[in-house]
Every structure is written in structure tokens, then in C-alpha cells.
Protein chains: 2
Amino acid sequence: MNLRDLKYLVAVADRQHFGLAAEHCFVSQPTLSGQIKKLEQELGVCLFERSRHSVVTTAAGEAIVAQARRVLEQADALQQLARSHHDPLLGPLRMGVIPTLSPYLLPLILQPLRKQYPQIKLVPSEEMTNTLILRLGRHEIDAALLATPVEEREYESIPLFDEPFWLVHPRRHPLSEKQTITQADLDCADLLLLTEGHCLAEQVMKICHIHERRAQGELADLRATSLETLLQMVAAGFGSTLLPALAVETVSAHKRGLAMRELQLPDTFRRISLVYRHSFPRHQVLEAFAQLLQANLPATVRVLHGHSSVQVVAGMTSKEKPRQTRTRHISNPDRQDRRG
Amino acid sequence: MNLRDLKYLVAVADRQHFGLAAEHCFVSQPTLSGQIKKLEQELGVCLFERSRHSVVTTAAGEAIVAQARRVLEQADALQQLARSHHDPLLGPLRMGVIPTLSPYLLPLILQPLRKQYPQIKLVPSEEMTNTLILRLGRHEIDAALLATPVEEREYESIPLFDEPFWLVHPRRHPLSEKQTITQADLDCADLLLLTEGHCLAEQVMKICHIHERRAQGELADLRATSLETLLQMVAAGFGSTLLPALAVETVSAHKRGLAMRELQLPDTFRRISLVYRHSFPRHQVLEAFAQLLQANLPATVRVLHGHSSVQVVAGMTSKEKPRQTRTRHISNPDRQDRRG
DNA sequence: GCCACTTGATAGGACATACCTATCAACATT
DNA sequence: AATGTTGATAGGTATGTCCTATCAAGTGGC
């Protein structure tokens with residue numbers, strides 16, 4: 001049995017005429033006759049009573065034609081459904097974001113996203129890197145915004161931007177005296193960290209050579225569960241810390257008693273990438289998302305353009321101009337304007 | 001799009017594995033891969049996310065697979081429906097019967113029919129010959145029990161039985177004196193007739209040469225609308241009439257004051273046939289019906305066997321023995337036992 | 001680290017099926 | 001009788017589906 005045959009069937013039933021039905025189906029009359037005959041044999045039921053000058057649907061035929069209509073109706077619904085999924089931007093985009101990025105990045109893009117790509121339904125989830133990668137592998141999320149490179153060849157990345165680290169300490173603190181911060185200052189700073197599992201904690205430890213120092217038992221075991229808590233601990237005078245630039249944006253206004261400045265040392269930034277399964281079929285939505293995200297970043301971060309697979313997506317308005325020339329793979333960052 | 005492809009689709013979706021799905025569909029894995037790929041291109045939607053070691057249905061795929069299940073479900077219902085129509089005996093058999101036969105024949109066969117062929121749903125309608133032929137042509141009925149041969153090649157007939165005519169007149173009537181009835185007796189009888197349109201009226205007029213007599217204005221215009229009325233008119237002394245044998249069966253018991261005898265003259269019977277469109281596809285139900293009807297007739301009629309297309313239908317119990325040797329095309333009937 | 005085994009994709013050829021044109025047989029109309 | 005209509009049939013072609021053989025990439029055991 002075949003959907004085509006069923007179409008032929010209802011065409012004949014509607015017209016009680018093989019020739020007209022054939023015309024309607026854009027096939028020749030013998031073709032249609034043959035297919036109807038085949039269908040009748042297959043079903044074991046005579047569907048039409050043919051006489052020389054008329055065709056009449058049999059009683060059994062009436063019932064079967066009615067059912068055939070139901071089949072075709074559902075098949076039609078399937079095609080409409082498929083058509084509604086034609087737009088790769090459409091549908092949910094389940095996006096994992098690390099906790100040290102999510103609360104500072106999402107507010108920047110939610111509104112522009114809804115404005116420019118209303119069909120993208122962003123479903124964010126905030127978890128730590130390891131969890132996100134696990135969930136990515138389990139197809140529970142479609143992509144993740146991570147600050148660490150992913151090695152597995154199963155995954156691919158679109159580098160989005162480099163986010164400098166800022167040194168944060170109480171106003172009344174020895175570091176306030178320093179005109180410029182050096183690596184030596186970092187190496188001996190009284191650093192406060194996030195709990196284990198946060199990639200930010202790892203990165204800060206690496207930048208400040210904390211692994212070596214910890215071996216000497218120098219560092220307190222005091223760990224914060226969020227950047228918010230961390231800042232409060234700094235404000236309370238427990239020590240200093242490094243903060244990613246986007247987090248600085250939001251806290252600078254109302255956190256008093258804190259001194260913050262961007263680190264100008266080499267490799268004192270983290271690279272934020274959009275990571276996804278190599279096999280994820282809706283590249284376009286990721287590319288659109290990445291492009292929109294980059295277009296709505298503040299100047300405190302360094303946007304990375306030039307990812308080969310990023311292209312203007314069909315139907316996308318291209319009114320946003322490139323804000324920056326290529327600054328790819330910069331490990332010795334230029335100075336930049338900054339706010340706050 | 002094809003129902004086969006949809007089967008492949010749900011097979012893969014159910015197993016998340018091309019090889020197993022192919023096995024389930026009794027095709028090779030490359031075949032299945034190719035068809036799924038074709039389907040994806042046709043629908044313009046990626047249905048499965050394939051990686052080296054796993055297959056996962058995409059979000060769009062989930063929706064489309066669910067719809068595909070609905071299509072297949074309806075298609076399956078169609079096949080079941082067709083299967084339920086496999087038995088050609090099944091379903092309604094819309095049978096037209098002429099009024100001078102219906103009330104006397106149907107009681108004889110309804111119970112045996114229900115007992116032997118419970119799947120046949122007989123839908124009788126009682127109308128005059130012309131109307132029945134019209135309705136037959138309009139496919140409003142499937143067959144008709146008529147007493148007149150039908151000439152059009154569009155229709156075919158199964159001759160069922162010859163029904164003798166009986167002469168009916170009041171006990172106190174000149175004809176009561178006669179030992180035997182001759183053609184001359186008929187030619188001058190004071191005959192009462194059914195209204196125009198009844199084939200019986202035509203036949204009686206022909207047998208009794210009433211057309212010639214009417215030209216002379218001899219006959220009263222008094223016409224009965226039914227055999228029941230006709231008998232009452234005879235009982236009331238308005239005249240005599242001819243009655244078909246099956247009608248005699250039922251009235252003989254309670255109609256008093258009437259004398260009835262079977263005519264022994266040539267051609268004083270009518271031939272009852274089952275008439276149907278040549279193109280009617282369910283021959284079997286007609287043959288089964290004809291055979292059952294013949295098996296349940298009283299001895300007052302002469303059953304006509306030997307119709308070439310009458311055969312024992314599959315599933316039919318053959319416990320009824322032939323009650324009579326062939327008496328086909330007898331125009332000079334043998335004497336027969338008779339009741340009443 | 002090597003080798004057997006698994007996965008789905010690809011290539012090329014065999015076969016089945018659906019399609020076409022041309023034609024027929026039966027009937028209706030002119 | 002001639003013409004036009006109906007659906008069915010015949011024979012050839014093109015498309016589509018299927019197979020086997022093979023590949024590429026990855027997994028797991030030893």
C-alpha cells in the first residue's frame with residue numbers, strides 16, 4: 001500500500017470517473033486504472049463498481065475511501081509539521097552556561113535575541129563545565145557556553161570572545177598602593193576562590209600559581225559558591241580575587257569599598273566558546289546565536305571574529321556592523337577602552 | 001513520501017540503531033540508511049543526529065516520528081477495514097422485492113438466512129418493478145426479486161422459481177361449477193386486478209386476454225392496491241382473480257368463502273428471478289442468497305436449479321439436499337402435490 | 001599498541017515498479 | 001453507420017528500491 005495509491009483512490013471516489021481523476025493526479029488514465037486495480041487486489045476488496053458508462057464506489061469502497069482520507073489527512077499533517085521545522089532557527093535551543101558567565105551574559109542577549117530571532121526559544125541551564133559536557137553528550141542540551149577548550153573530537157567550538165580578568169580587592173588593601181599589578185603581585189596575593197568544579201577557580205589558581213603555593217598550605221580553605229558570595233567575602237576583607245570582565249560590569253556600580261582594575265598581564269583572560277556536538281544538525285541556529293551574542297557584548301571583552309563557519313544566515317537582518325577587526329588568537333592583548 | 005519510509009523511520013526511532021532497525025524491516029542497513037536520508041531531504045528536516053557510536057532522534061525528529069506513527073496507525077486501520085470486507089457475504093445486501101412477492105416470500109427466508117448466513121444483513125425494500133429497476137441502476141439497491149425478465153444487458157438474472165397462478169373466486173360463483181378451468185373460462189372471467197404498475201396485473205391481463213376485452217370497455221375500473229385488498233374484494237363478491245402460489249399459502253387458512261385452485265393451463269405461472277447489475281462485485285452473496293431462498297420454498301412452486309453461476313460458496317454448510325430434479329423451462333407443468 | 005568488531009555511509013549493479021503511448025472493446029450519441 | 005466516450009490492455013522506458021561489497025571511524029580486548 002502506498003500513499004500515492006490512496007490519493008488515486010480518493011480522486012476516483014470524488015469524481016466517479018477514471019479519466020478526470022487521472023487528470024487531477026497528473027498521470028495517464030491507464031496508470032491510474034492499473035494502480036487502483038493493484039490496490040483492490042492488495043486489499044482483497046472491490047472498491048469500485050465499473051460499468052461501461054459509470055463508476056460507482058461500492059459499500060466497502062465507501063468505508064475504505066473514508067479511511068484513506070484519514071490516512072492522507074495525517075500524512076498531510078506530517079508534511080506541514082516538517083515544513084514548520086524547515087527553519088533551523090525554530091524550536092528550542094537548549095543552552096548550558098557556566099555559572100560565572102550566565103548571570104552576566106544572559107541579560108545582555110535575551111532582549112536582542114527575542115527582537116531579532118523571535119523564533120529561537122532559548123532554554124538556558126546553568127551548570128558547571130563537567131556537568132554541561134556530560135549533558136551535551138547525553139543530548140540533554142544542544143550547546144554550551146564554556147570558558148575551557150574541549151578536547152574530545154566529538155565536540156566542536158565557536159570561539160566567541162576573550163574575557164579579561166580583573167583584580168578585585170578592598171579599598172583598604174596593600175595592593176591599592178600599587179600603580180600597576182605584576183605577576184609577582186598575583187603570585188603572593190591573598191586570593192579567595194570559588195568552590196571546586198568551577199573552571200574559573202582553576203584558571204585563577206593557574207594564573208596566580210596557587211597550586212604551588214597550596215602545596216605549602218599557604219591558602220585558606222575558604223571557598224565561595226558564587227561570584228556574588230566571593231565579592232562579599234572580598235568586601236568583608238577576607239582577601240582579594242580575580243573577576244571576569246562581564247561580572248565587573250554589573251557589580252561595579254553598587255559594590256562599594258572595592259577596588260577593581262583590569263589585569264594587563266599576558267594570558268590573564270579566559271576564552272569563552274560555544275561548544276556543541278559535531279553531529280548537531282542545526283548549525284545555523286548556533287551561528288545566528290553566536291553572531292548575535294558577539295554583537296551585543298560590551299567593550300570590556302575582546303570579540304573573536306573570523307570563525308570560518310560563521311556566516312550570515314538566510315532571513316537574518318545584517319544591520320549590525322562588525323565592531324572590530326580580527327583579533328584572533330591574541331595572547332598579548334592590546335589595550336582597550338573600558339567602562340566602569 | 002511513502003508509508004514504507006515512515007515504517008523505516010519509526011523503526012530507527014524506536015531502536016536508535018540503523019542496523020537493528022534494518023533487521024526489523026527485513027532490509028539491508030544501507031537500504032534503510034538511504035531511505036531515511038531521502039526522507040530527510042524530502043521533508044527538509046534532519047530527523048536523526050548521527051555520531052559514530054550513537055543515533056539520537058532530534059527534537060524535530062521526535063515530533064515527526066510521533067506524527068508518522070499516527071499515519072501508520074491510520075494506514076493499519078485501513079488494512080484491517082479492508083480485511084473485514086474480505087468476506088463478500090459480509091455487509092448489507094440491499095434487496096428490492098415486488099409487493100406481490102415480498103410479504104409471502106420474506107417470512108420464509110428471514111429466519112433461515114439469519115441462521116445460515118448471520119453475516120448477511122438483508123435490507124429489503126418493497127417497490128414495483130419499474131421503481132426497482134430504476135433504483136438498481138442508481139445503485140440504491142444491490143439486487144431485486146422480480147417476476148418479469150429484464151432485457152437490458154446492463155443487468156443479469158438468476159432464475160429462482162416458477163410460481164403458478166391460482167384462480168380465486170367466491171364459493172358461490174359460476175366458476176365453482178366447473179370441474180376444470182379452461183382458457184375460455186379465463187377469457188371471460190369477471191377479473192379483478194391490482195392497480196397499474198404491478199407486474200402481476202399485467203401478467204393476469206395477458207393470461208386472460210384482458211387487453212382485447214378492455215378495448216371493448218368490458219372490464220370495471222375497480223383496481224386493488226394490494227393482494228390483501230384484492231382478496232377482500234373477491235370475498236365481497238366483486239369478481240374473481242388470479243393469485244400467485246406463495247400468496248395462496250398464507251391466505252388459504254383464514255380466508256373463508258373463497259374457492260382457490262391452481263391453474264393447470266400452459267404459461268399460467270410467473271418466473272421469479274434475482275436481478276442485479278452485471279457489474280455488481282459481490283456475486284457470492286447473491287448466489288448464497290439465491291441458494292438459500294430456493295432451499296426454503298414450499299412445494300407449491302417449482303424451483304429452477306442449474307443456473308451455471310450458482311455454486312456452493314465457501315464456508316457454507318451443504319446439509320440441505322436438492323429437493324427436486326431439474327424442471328427447467330417447463331411450460332407445460334407436471335401435476336404437483338399441493339397443500340390447502 | 002594492535003587487531004577484531006562495531007557503527008553508519010558510499011558505490012555500483014540487479015531488479016521491480018510506476019509510468020507513458022498506442023490501442024482495444026463496449027457503449028452512447030449523432 | 002459514424003463518431004465520441006468510457007475504462008482496460010499491451011509493450012517499452014525510466015525511476016526507484018534493493019542488494020552486495022566496501023569504506024571510514026571508533027570501541028574494546030588482549
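Note on naming: letters A, B, ... go to the chains in the order of the sequence lines (proteins, then strands), and numbering restarts at 1 for each one.
Between the CZ atom of B:Arg50 and the C1' atom of D:dA25 there is a distance of 16 Å, given to the nearest Å. The interatomic distance linking B:Glu154 (CD) with D:dT6 (P) rounds to 17 Å, in whole Å.
Scanning all heavy atoms of the two residues, the minimum distance from A:Met1 to B:Ala75 falls at CE-O, 3.6 Å. Nearest heavy-atom pair across A:Ala290 and A:Leu160 is CB-CD2, 3.6 Å. Closest of all the heavy-atom pairs between B:Leu89 and B:Arg282 is O-NH2, 4.0 Å. Here the shortest heavy-atom pairing between B:Ala147 and B:Gln203 reads O-NE2, 3.0 Å.
Nucleic acid contact class of B:Phe48 (heavy atoms, under 4.0 Å, all strands): none.
In this structure, a donor-acceptor pair under 3.5 Å is present between the side chains of B:Thr100 and B:Arg270.
In this structure a side-chain-to-backbone donor-acceptor pair under 3.5 Å is missing from B:Gln294 to B:His305.
Residues in residues 14-27 of chain A take part in these salt bridge (Lys or Arg N to Asp or Glu O under 4.0 Å) pairs, two or more places apart or across chains: A:Asp14-A:Arg69. Counting only residues at least two apart or in different chains, salt bridge (Lys or Arg N to Asp or Glu O under 4.0 Å) contacts with residues 132-141 of chain A comprise A:Glu127-A:Arg135, A:Arg135-A:Glu140, A:Arg138-A:Glu140.
Residues from residues 1-9 of chain B with heavy atoms under 4.0 angstrom of DNA chain D, sorted by number: B:Arg4, B:Tyr8. Within residues 28-36 of chain A, the residues that have a heavy atom under 4.0 Å from DNA chain C are, in order of number, A:Ser28, A:Pro30, A:Thr31, A:Gln35.
Both B:Ser51 and A:Phe26 lie near DNA chain C, and the one whose nearest nucleotide falls closer to the 5' end is B:Ser51.
For A:Arg277, the side-chain contact (heavy atoms from CB on, under 4.5 Å) test picks out A:Leu136, A:His139, A:Asp142, A:Tyr155, A:Ser279, A:Phe280, B:Glu49, with sequence neighbours left out.
The shortest distance between the side-chain N/O atoms of B:Lys38 and the OP1/OP2 oxygens of D:dT17 is below 4.0 Å.
Interface limits on DNA chain C: the 5'-most and 3'-most nucleotides within less than 4.0 Å of chain B heavy atoms are C:dT7 to C:dC27.
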For this session: Apply side-chain hydrogen bond (donor to acceptor under 3.5 Å, both in side chains) to A:Thr58 and A:Glu62, showing your working.
Result: CA-CA 6 Å; A:Thr58 63; A:Glu62 291 282 6; over 6 Å; no

Exercise. Is there a side-chain contact (heavy atoms from CB on, under 4.5 Å) between B:Phe18 and B:Arg50 once you walk through the steps?
Worked result: CA-CA 10 Å; B:Phe18 277 75; B:Arg50 305 137 166 94; 3.8 Å; yes

